[in-house]
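To start, the structure itself, in C-alpha cells.
Only heavy atoms go into these numbers, but all of them, side chains included; no hydrogens, no water, no symmetry mates. Quick caveat, the model's predicted, so the values are computed rather than measured. Every chain is numbered from 1, with letters handed out A, B, ... down the list of sequences.
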Protein chains: 2
Amino acid sequence: MKPTKSIEDYLKAIYILSLKEKDVRMKDIAQLVSVKLPSATEAINKLIKNGYAKHSPYSDVTLTKKGEKIGKEIWNKHQILYKFLKEVLGISQDKAFREACLIEHFISDETREKLKKFIEKTLS
Amino acid sequence: MKPTKSIEDYLKAIYILSLKEKDVRMKDIAQLVSVKLPSATEAINKLIKNGYAKHSPYSDVTLTKKGEKIGKEIWNKHQILYKFLKEVLGISQDKAFREACLIEHFISDETREKLKKFIEKTLS
DNA sequence: TTCAAAAGTTAGGTTAACCTAATAAATAGG
DNA sequence: CCTATTTATTAGGTTAACCTAACTTTTGAA
C-alpha cells in the first residue's frame, strides 16, 4: 500500500502548487514533475484510483486528506534535507535542492525528526 | 550512460562478495540483491554488455576496473551514510543500514566527501 | 461569436526490472 | 562412475512509468 516514489513526486508537486495557486492544472503538474502531459494524466488517474486526489476531465486537481498528508510529508522531508545539505554541509543551493528531491523518498519519519533536531542544535 | 540504481546495486553486491569469497557465484549475488536467479542472470548480462563485469555461463562473476570502481564507490557512500545515521543521529543498526542502502544511490561525490569530514569533526 | 491556440485525454508503443516454469549444466555422495 | 541435487540459463509474461501522435475540449482575442 506504500505509494511509489513516482506517486510521491506527483503528490508533492500538487501540494506545492496548491499552496500558491487557486487552481492546480495538469499542465503545471506535468511541468513541475518534468513529464509530458499524457504521463501526468495517467499518473493522476492512478492517484484518483488510490484515493489520493480528485479530478474531473479538463478541470483542476485537488488532493484528498490522505493525498495531502503524503504530499506535505514529502515536502517537509525535502525541506529538512535541503537545509542540512545547504547549511550544515555547505552544498550549493541548486545541488542541495536536486539531491533533496532524490533522497526525500527514502528517509523514515524517525530519521527526519532526528535530522531536524540535529540541524537545530548544530546551527545554534 | 550513468548506471541505474539497479545496476549499482548489483555492482555493489559483487564488490562486497569479492572482498570475502574467492569465487562470486550467481546464487550469492541473487541472494544479496534479494532477487531470483533469473533476474540476476539478466542483470549480469547487462553488466557485461556495458563493460562492468565478466562472466561465462555456469562460472563465476568478476568485475572489470570500471565495474569495480562503481561498486566500491557505492559501498563507500553506503558506509558513510550508515555511520552518519547510526552514530550521529542515533538510528538503530538495522534501520540505518536499510536507509543507507536506499540513499547511497543519490548522493553526489561532493556530498559524500563533505559528509565524511563532518562526521569526523562531529565525533571527535 | 467564432475559431485558432492552449490544455487535456486516449491510443498505442517502449523500456527496465522483476517474476515463474521449464530446461540444461555442474557437482558431490553413495 | 552415475544419478540426485544444486546452480544457472532460457523462454515467456507482468507491471510501472514514461513517450509520441492523434484527437477532443476549453478558452480567449479579434
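Side-chain contact check for B:Asp60 versus B:His55: every heavy-atom pair is 4.5 Å or farther apart.
The side-chain tip of A:Lys66 points at the ring of A:Tyr52 from less than 6.0 angstrom away and within 45° of straight on.
Residues from residues 35-44 of chain B with heavy atoms under 4.0 angstrom of DNA chain C, sorted by number: B:Val35, B:Lys36, B:Pro38, B:Ser39, B:Glu42.
Projected onto DNA chain D by closest heavy-atom contact, A:Tyr58 and A:Tyr10 fall at different nucleotides, the more 5' of which corresponds to A:Tyr10. Projected onto DNA chain D by closest heavy-atom contact, A:Thr4 and B:Pro57 fall at different nucleotides, the more 5' of which corresponds to B:Pro57.
Nucleotides of DNA chain D with any atom under 4.0 Å from a heavy atom of chain A span, from 5' to 3', D:dA16 to D:dT26.
A salt bridge links A:Glu104 with A:Lys12: the distance from a Lys NZ or Arg NE/NH1/NH2 to an Asp or Glu carboxylate oxygen falls below 4.0 Å. A:Arg25 has no carboxylate O lying under 4.0 Å from a charged side-chain N of A:Asp28, or vice versa, which leaves the two without a salt bridge.
Of the N and O atoms on the side chains of B:Asp9 and B:His105, at least one donor lies less than 3.5 Å from an acceptor on the other residue.
Listed by chain and residue number, A:Phe106 satisfy the side-chain contact (heavy atoms from CB on, under 4.5 Å) test with B:Leu102 (two or more places apart in sequence, or in another chain).
The six-membered or imidazole ring of A:Phe84 lies near that of B:Phe84, with a centre-to-centre distance under 6.0 Å.
One atom, CG of A:Asp23, and another, P of C:dA7, lie 14 Å apart when rounded to the nearest Å. One can place CD1 of A:Ile48 at 13 Å from P of C:dG8, the figure rounded to the nearest angstrom. Look at CE on B:Met26: it is 19 Å from P on C:dA24, rounded to the nearest Å.
Environment of NZ in A:Lys114: crowded, with over 12 heavy atoms of neighbouring residues, nucleotides or ligands closer than 6.0 Å.
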